[in-house]
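Notes to accompany the following structure.
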Amino acid sequence: MSQTSVKKQRSPDTAAELDVELRKVFKVFNGETAVRGIDLSVRRGEFFSILGPSGCGKTTTLRLVAGFDLPSAGEVLIQGQSMNQVPPHRRPVNTVFQSYALFNHLSVVENIAFGLRLKKLKAAEVDERVKQALKQVKMEAYANRFPAQLSGGQQQRVALARALVNRPAVLLLDEPLGALDFKLRKEMQVELSNLHQDLGLTFIMVTHDQEEALSLSDRIAVMRSGKIEQIGTPTEIYERPRTPFVADFIGDTNLFRGHLEAADASTLKITTSTGLKIVVQPKSPRDTASNTKDIVVSVRPEKIRLSLSPPDSRINCFEGHLKHVMYLGTHVHYVVELNSGDLLTVRLPNVTNKLPDANTAVYARWAATDCLALEE
C-alpha cells in the first residue's frame with residue numbers, strides 16, 4: 001500500500017446538510033472554563049479535525065458531541081436534533097479511543113458483537129453486521145484471535161469495526177493513531193482516509209498532530225485556550241493563517257514582530273523590532289492586517305532561499321551566517337543568524353551531497369508574496 005494518502009478536498013457547500021452543530025457552547029469544570037462559547041458546523045460526510053495543544057479544550061469538545069459531558073451553556077445538535085438531554089447511548093455517534101478499549105478476554109468477533117448483543121438484536125443480524133464490519137476494516141482472517149494476539153494496527157482496526165458495526169451517523173476519533181509507532185501511524189493514516197472515502201460517514205477527529213490533520217481532513221478547527229482560532233481547509237490553515245498562533249502551531253514558521261511603516265493598494269512595508277525592513281504583498285484584502293500598531297510577519301521555512309552572493313533583488317534580502325546545518329535526508333534544515341540578531345529557520349530540498357559549513361556567510365531572501373502580515 002502506498003504510504004502517501006491523496007486527500008480529496010471537498011469544495012465548500014453552504015447548502016450541504018449538517019451532521020453536527022455546536023452553538024455558543026461553554027463547558028465549566030469546578031469553576032474553570034474548558035470550552036468558551038464555540039460555534040462550529042460539520043457537514044454530512046466530512047472529515048473534520050479539531051487540532052490544538054494539550055489543554056486547549058479539543059477532547060472536551062469531542063466529549064460534548066459524544067454526550068460524555070453536557071454543556072454548561074449552549075446547544076449541541078446532531079442531524080438537526082438537540083442532544084442536550086440525550087444520553088450517550090442514544091446518540092447516533094460512536095467513539096474510537098486512543099486506548100482502543102478492547103476486551104482482552106473476548107475474541108475479535110465477540111468484541112465487535114458486544115454492543116449489538118446488549119441491544120438484543122437477533123443472532124443472524126448480529127452475525128451479518130459483524131461480518132460486514134470485519135470486511136470493511138480487512139480483518140476477516142483475524143476474527144477468532146484475541147486482542148493480545150494482534151499488533152497495534154490490527155487492534156486499531158478492531159476498535160474501528162466495533163464502532164462501525166453500530167452504523168453511526170457520526171464517527172468520533174479521539175487521538176486514534178496516538179499509540180502507534182511512526183511507520184504504522186503513517187500506514188494507518190492512509191487506511192483511515194480510504195475508510196472514510198469508502199464509507200461516506202462523517203468523521204470528527206481530535207488530534208495534536210498537525211501533519212495528521214493536514215493530510216486527512218476536509219476542514220480543520222484550530223483551538224487555543226478553549227476557543228476556536230480558525231476553521232478552514234488544510235490549504236487555508238497552512239497558507240493563510242489568520243493569527244500568529246495558527247501560523248506557528250501549524251507547521252514551522254518564522255515570526256517577526258514589528259509595526260507598519262507604509263501601505264498602498266498592494267504593498268505593506270513593515271519595520272521589525274530589530275530593524276529589518278520587510279515588504280509584504282497580500283494575496284487578497286483579507287490577508288492584510290488591520291491593526292497598524294502591532295504586526296507579526298510570518299514566513300514559512302520552505303519559502304526562503306539562500307545564496308552565497310548578493311541576489312539581484314534586495315527586497316526581503318538579509319545578510320547573515322549559517323549557525324546550524326542539519327541533514328534530514330530529503331531536506332536540509334538550516335538555522336541562519338541574521339546580522340540583526342534574528343534567527344531564521346530555512347528548509348531546502350536536498351539536491352546535493354555537499355553541505356555548507358556552519359558559519360558560512362549567506363544571503364537569505366523571500367518573495368514579498370511569500371510572507372503574511374498578521375495582527376498581533
Side-chain angles (χ1 to χ4, degrees), residues 9-14 210 214 217-222 224 228-320 331 334-349 362-376:
Q9 296 298 330
R10 297 170 184 271
S11 57
D13 181 6
T14 53
Q210 300 96 323
L214 289 170
S217 311
D218 294 310
R219 288 189 303 146
I220 300 168
V222 181
R224 178 191 187 191
I228 293 177
E229 289 262 318
Q230 184 174 348
I231 297 177
T233 65
T235 302
E236 289 168 346
I237 293 286
Y238 188 82
E239 298 290 348
R240 295 172 58 186
R242 293 182 194 163
T243 68
F245 173 82
V246 175
D248 195 35
F249 188 76
I250 304 294
D252 297 320
T253 196
N254 297 282
L255 298 178
F256 301 94
R257 284 171 166 80
H259 61 276
L260 189 65
E261 291 284 358
D264 57 32
S266 62
T267 303
L268 305 177
K269 294 181 180 178
I270 295 149
T271 300
T272 72
S273 57
T274 57
L276 299 180
K277 305 289 186 180
I278 299 178
V279 177
V280 180
Q281 288 183 0
K283 296 180 178 67
S284 73
R286 185 178 176 182
D287 297 332
T288 305
S290 61
N291 182 344
T292 58
K293 292 181 181 178
D294 299 305
I295 288 181
V296 179
V297 177
S298 170
V299 191
R300 295 289 186 189
E302 67 273 15
K303 303 292 188 182
I304 301 171
R305 294 293 173 262
L306 299 178
S307 61
L308 299 177
S309 57
D312 294 335
S313 173
R314 299 309 299 268
I315 295 175
N316 297 338
C317 179
F318 307 101
E319 295 181 56
H331 288 75
Y334 301 93
V335 176
V336 178
E337 183 173 358
L338 301 180
N339 291 350
S340 62
D342 293 286
L343 292 178
L344 199 61
T345 300
V346 182
R347 185 167 58 246
L348 297 174
V362 294
Y363 292 85
R365 70 188 190 280
W366 60 87
T369 52
D370 282 338
C371 50
L372 291 173
L374 308 171
E375 293 184 20
E376 178 65 282

| task | Might you work through the side chain to side chain contact (heavy atoms under 4.5 Å, CB included) test for T233 and D218, ending with a clear yes or no? | result | CA-CA 6 Å; T233 65; D218 294 310; over 6 Å; no

| message | Using side chain to side chain contact (heavy atoms under 4.5 Å, CB included), reason through E375 and I295 one step at a time and then give a plain yes or no. | response | CA-CA 5 Å; E375 293 184 20; I295 288 181; over 6 Å; no

| request: Carefully, step by step, assess T267 and V279 under the rule side chain to side chain contact (heavy atoms under 4.5 Å, CB included). | output: CA-CA 7 Å; T267 303; V279 177; 3.3 Å; yes

| said: What verdict does the side chain to side chain contact (heavy atoms under 4.5 Å, CB included) test give for I278 and F256, after you've listed the backbone C-alpha separation in whole Å, the side-chain angles of each residue and the deciding distance to 0.1 Å? | reply: CA-CA 9 Å; I278 299 178; F256 301 94; 4.0 Å; yes

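In this structure, E261 CD and L268 CG are separated by 12.0 Å, a value rounded to the nearest 0.5 Å. Distance check: R240 CZ to Q230 CD gives 9.0 Å after rounding to the nearest 0.5 Å. Interatomic distance, OG of S307 versus CZ of R365, reported as 4.5 Å (0.5 Å rounding). For the atom pair CD1 of I237 and CZ of R219, the computed distance is 10.0 Å after rounding to the nearest 0.5 Å. Rounded to the nearest 0.5 angstrom, C317 SG and I304 CD1 are separated by 11.5 Å. Here the straight-line distance linking atom CG of N316 with atom CD of Q281 works out to 9.0 Å at 0.5 Å rounding.
A salt bridge links E302 with R347; the closest basic N to acidic carboxylate O contact falls under 4.0 Å. Salt-bridge formation is not detected for the pair R300/D370: no Lys NZ or Arg NE/NH1/NH2 atom is positioned less than 4.0 Å from an Asp or Glu carboxylate oxygen.
Using cut-offs of 30° and 60° on the angle between ring planes, the pair F318 and W366 is tilted.
Judged as a side-chain contact (heavy atoms from CB on, under 4.5 Å), and not counting sequence neighbours, the contacts of Q210 are L51, F249, I250.
Side chains of I270 and V280 form a contact here, defined as non-hydrogen atoms less than 4.5 Å apart. For the pair T243 and P241, the minimum side-chain heavy-atom distance is 4.5 Å or more. Between L374 and V297 there is no side-chain heavy-atom pair separated by less than 4.5 Å. Side-chain contact check for V222 versus I228: every heavy-atom pair is 4.5 Å or farther apart. Between K269 and L260 there is no side-chain heavy-atom pair separated by less than 4.5 Å.
No donor-acceptor distance shorter than 3.5 angstrom exists from the side chain of E236 to the backbone of I220, with no hydrogens or angles considered. Looking at T272, its side chain does come within 3.5 Å of a backbone N or O of L276 through a donor-acceptor pair.
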Considering only distance and modelled atom types, tabulate donor-acceptor pairs under 3.5 Å from the side chains of residues 339-346, sequence neighbours left out.
| from | atom 1 | to | atom 2 | distance (Å) |
| --- | --- | --- | --- | --- |
| S340 | OG | D342 | N | 3.4 |
| S340 | OG | D342 | OD2 | 2.6 |
| D342 | OD2 | T274 | OG1 | 2.6 |

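Nearest heavy-atom pair, A364 versus L338, reported as atom, atom and distance to 0.1 Å: CB-CD2, 4.4 Å.
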